[in-house]
Amino acid sequence: MKVKRVLVLGLLLGLSVSFLVSAAGRGEAKTEGFVIGVSNPWVGSEWRTQMVDRVQEVAEPYIREGFIKEVIVQSFDVPLEGQIDQIRNLISRGANVILVNPADANALNPVIREATQRGVIVIATDTEVSSPEAINVAIDQAEWARISARWLVDKLGGEGKIVAINGIAGHPANTARVRGYTEVFGDAPGIEILNQVNADWDNALGQSTMQNLLATYPDINGVWVQDGMAEGALRAIRSAGRDDIYVTGEARVGYLNLWKETGIDGIGVANPPGCMASALEVAVQLLKGRELKDDVLSGPFGNTIYVPVPVVVTNLNFDTVYNEYKGYPDYYSVDGHITPAQAEQFFK
């Protein structure tokens, strides 16, 4: 198969975006399938495990037909320097595409350049990197936060005292989410944020953090909380007998089970582990030599393809979603990813 060189240009706030696509780096004929690399620097999260599992599942049909030769997964708990090593290892093992869940928005840029200079396609997912030589394929994490923040403002009638329980300080996804909900609450003058704390996306820490917040602020009306920590926060609220507090959260099975048990008026916004599978579908189109549409890239760095949030669960559709996922483990996330046909829509 002949894969042509594709140059993608995007401009946002004066930033130029470009990357090079070629078979094995030089556009020569391809006689065997492509090699896909996966770089994941954090395995202390079931969400990340689901992400890696999902991309491997979506790759299987491409492997059977011979388009993809193999998927090489580098998935370990490593510091930022370790993720740089992961990417270099994938380059040395002949990856044609490297899918990255980045630990930092900027620090990977030099190693991304190393990869693209050797003809490797680099696609970041879940969170965005600033490198003009990479593409990001992700949901809009700021908008993800705005969805539940708007719901909370609406439920409180625009007035109330709230707290926020966030993830890992400094992580790009957490930073984007804080920006998103801050915008929404800032536009609601009747909303007072009593405190914003970090519980590192840990369920148990989310529960103990919520217990401390309840003890410190007895007049809390609402909680904006991320990811699996929502289950812990809801357990703390229930133990305190504070059924009057509105809680937001991510659509995970444990949270849905507790929602069903308590009968809360809630919201769960899906943060799909399938985002890396969506990135793979975009990569497949690039490996076929297709060119992105001129207006498809956006985001703060001008290099992002935003895919939709797949599901927002409220009491209106709760039963439908719950019945679909109730047999899964508590840690499992309500998921979704784009199809090949949807990926094609980003291309000319």
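- Counting heavy atoms of neighbouring residues, nucleotides and ligands inside a 6.0 Å radius, atom OH of Y306 exceeds 12 of them.
- The line from CD1 of I267 to CD1 of I147 is 7.5 Å long, rounded to the nearest 0.5 Å.
- Summarising the geometry of V43 relative to N40, their closest heavy-atom pair is CG1-ND2, 3.9 Å, with the distance given to 0.1 Å.
- Neither side chain, N303 nor S131, offers a donor N or O lying under 3.5 Å from an acceptor on the other.
- In terms of hydrophobic clustering, with Ile, Leu, Val, Met, Phe, Trp and Tyr side chains grouped at heavy-atom distances under 4.5 Å, L156 and I220 are assigned to different clusters.
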Should E324 and V321 be marked as a side chain to side chain contact (heavy atoms under 4.5 Å, CB included) after you check the CA-CA gap, both sets of side-chain angles, and the distance that decides it?
CA-CA 5 Å; E324 180 179 353; V321 178; 5.6 Å; no

Apply the test side chain to side chain contact (heavy atoms under 4.5 Å, CB included) to residues R54 and M276: give CA-CA distance (whole Å), side-chain angles for both, the deciding distance (0.1 Å), then the verdict.
CA-CA 8 Å; R54 180 53 58 89; M276 187 169 277; over 6 Å; no

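- With no hydrogens or angles considered, a side-chain donor-acceptor pair links Y62 and E281 at under 3.5 Å.
- Q207 and R235 are not linked by any side-chain donor-acceptor pair at a separation below 3.5 angstrom, with hydrogens and angles left out of the test.
- Side chain of N212 to backbone of T209: no donor-acceptor contact under 3.5 angstrom is found.
- N166 places no side-chain N or O within 3.5 Å of a backbone atom of N174 that could act as its donor or acceptor partner.
- A salt bridge does not link R118 with E114: every distance from a Lys NZ or Arg NE/NH1/NH2 to an Asp or Glu carboxylate oxygen is 4.0 Å or more.
- In this structure, the side chains of F301 and V129 stay at 4.5 Å or more apart for every pair of heavy atoms.
- When only modelled atom types and interatomic distance are considered, Q196 and Y181 share a side-chain donor-acceptor pair under 3.5 Å.
- Applying the 6.0 Å contact sphere to CZ of R242 captures more than 12 heavy atoms from other residues, nucleotides or ligands.
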